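What follows is a short report on a single structure.
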Amino acid sequence: MLQSTGRQLPRRLVQLYAGLALYGVSMALIVTSTLGNMPWDVLHQGLADRLDRSIGTVAIAVGALVLLAWLPLRQRPGLGTVSNVVVLGLVLDATLAVLPDPTSLPARAGFLVAGILLNGVATAAYIGVHLGPGPRDGLMTGLVRRTGRSVRLVRTSIEVAVVAVGWLLGGTLGIGTVLYAVAIGPLVQVLLPLLSVSPAGRPTRPAAAPLPRG
C-alpha cells in the first residue's frame, strides 16, 4: 500500500499543478471575455479595481483570508489547498499579461466558452488527486458541517454574497457568470471519474463532484 502510494505521488503532483495552472488560464480567458466572471472573480475584480492591484494579487489575498476562516471551522488544509491559494493568482496574472483583447462578440464568446470548458478539465484534474480542496470549497464544506445546512444552501448563500459585493465594487457580472454556474457541475461530474486517482493508485469514481469555487 505504501509502495503504491509512493509510486503514484509524482503523477498526483504533476496533475495537481497542471490542473491549478490550467485553472488560472481558464480564469483569465473568462475575465478577458468581459461577458461575466466566475462568481468569486466578480469579487476579485471589484476589489482589484478599488485597491489598484492586479486581480491575481487580490485572488491570492482573498484565498489566504478564506483559509484563515478555516481555523474556527477546524478544517485541515492539504498541499493542494495551499498551492491553490498561490498558483491560481500567479497564473491568472501571467496569462492576462499575454492574452490579446478580443475585439468582436464572437471572439469574446469563444474566450468564454473555452474558459468554461478548460475550467471543467482543470477542476477535475486538481480535485482528482485528493491533495486538499481549494480554500473557498473548504469554507463551504466547513460551514455545512458546523451549521447542519445543505451544501446547496451554503454554497448558494456564499456565492450570492460574493457576487453581490463584487458587483457593487465594479466586478463584471453577466451571462458568463450564469453559464459558468450552470455548466461547471455537469462538466466536472463527467470528467472527474476520468481524472481521479486514489493515493493507492487505483482510479476512483466518486458519486458526486465537489466543486471548488476558484
Side-chain angles (χ1 to χ4, degrees), residues 12-31 37-45 47 55-95 115-146 151-152 154-163 166 177 180-181 183-185 187-189 191-192 195-197 199 204 206 208-214:
R12 293 168 71 205
L13 289 174
V14 169
Q15 184 170 316
L16 168 67
Y17 288 107
L20 291 175
L22 289 176
Y23 200 105
V25 172
S26 73
M27 294 165 70
L29 285 167
I30 295 171
V31 168
N37 295 331
M38 297 160 54
W40 279 90
D41 281 344
V42 178
L43 175 63
H44 297 153
Q45 188 181 56
L47 286 170
I55 187 172
T57 298
V58 171
I60 292 172
V62 170
L65 290 173
V66 171
L67 195 54
L68 289 177
W70 283 30
L71 297 177
L73 298 174
R74 298 180 181 177
Q75 293 280 91
R76 292 184 178 181
L79 175 63
T81 309
V82 178
S83 299
N84 179 294
V85 172
V86 178
V87 174
L88 296 191
L90 293 178
V91 174
L92 171 57
D93 275 350
T95 307
I116 292 174
L117 292 175
L118 185 59
N119 190 269
V121 175
T123 298
Y126 99 77
I127 287 180
V129 296
H130 309 287
L131 288 170
R136 297 156 185 84
D137 211 36
L139 174 65
M140 176 195 70
T141 56
L143 287 171
V144 167
R145 190 175 62 250
R146 292 298 294 270
V151 170
R152 178 178 297 180
V154 172
R155 187 170 72 189
T156 300
S157 298
I158 292 173
E159 292 190 353
V160 167
V162 299
V163 166
T177 312
Y180 177 86
I184 194 63
L187 280 173
V188 176
Q189 191 70 36
L191 294 169
L192 186 56
L195 294 172
S196 184
V197 178
T204 60
L211 297 182
R213 309 321 304 168

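Residue numbers start at 1 and run along the sequence shown. This is a predicted model, so every value here is computed, not measured.
- Arg12 contributes atom CZ, which lies 15.0 Å from atom OH of Tyr126 (distance to the nearest 0.5 angstrom).
- A search for side chain to side chain contact (heavy atoms under 4.5 Å, CB included) contacts involving Ala59 returns His44, not counting sequence neighbours.
- Interatomic distance, Ile184 CD1 to Leu191 CG, rounded to the nearest 0.5 Å: 8.5 Å.
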Exercise for the section: Tell me, with the steps shown, if Leu90 and Ile60 meet side-chain contact (heavy atoms from CB on, under 4.5 Å). Expected result: CA-CA 8 Å; Leu90 293 178; Ile60 292 172; 4.2 Å; yes
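- Considering only heavy atoms from C-beta on, Val162 stays 4.5 Å or farther from Val42 through its side chain.
- Remark: Arg74 engages no residue in a side chain to side chain contact (heavy atoms under 4.5 Å, CB included) (not counting sequence neighbours).
- In this structure Val151 satisfies the side chain to side chain contact (heavy atoms under 4.5 Å, CB included) test together with Met140, Val144, sequence neighbours excluded.
- For the atom pair Leu131 CG and Leu13 CG, the distance stands at 6.5 Å (nearest 0.5 Å).
- Among residues two or more places apart in sequence or in another chain, the side chain to side chain donor-acceptor pair (under 3.5 Å) test is passed with Gln15 by Arg11.
- Listed by first then second residue, pairs satisfying side-chain hydrogen bond (donor to acceptor under 3.5 Å, both in side chains) with a partner in residues 56-71 read Ser54-Thr57, not counting sequence neighbours.
- Qualifying side chain to side chain contact (heavy atoms under 4.5 Å, CB included) partners for Val163, counting only residues two or more places apart in sequence or in other chains: Pro39, Leu173.
- Atom CG of Leu139 sits about 11.5 Å away from atom CG of Leu68, to the nearest 0.5 Å.
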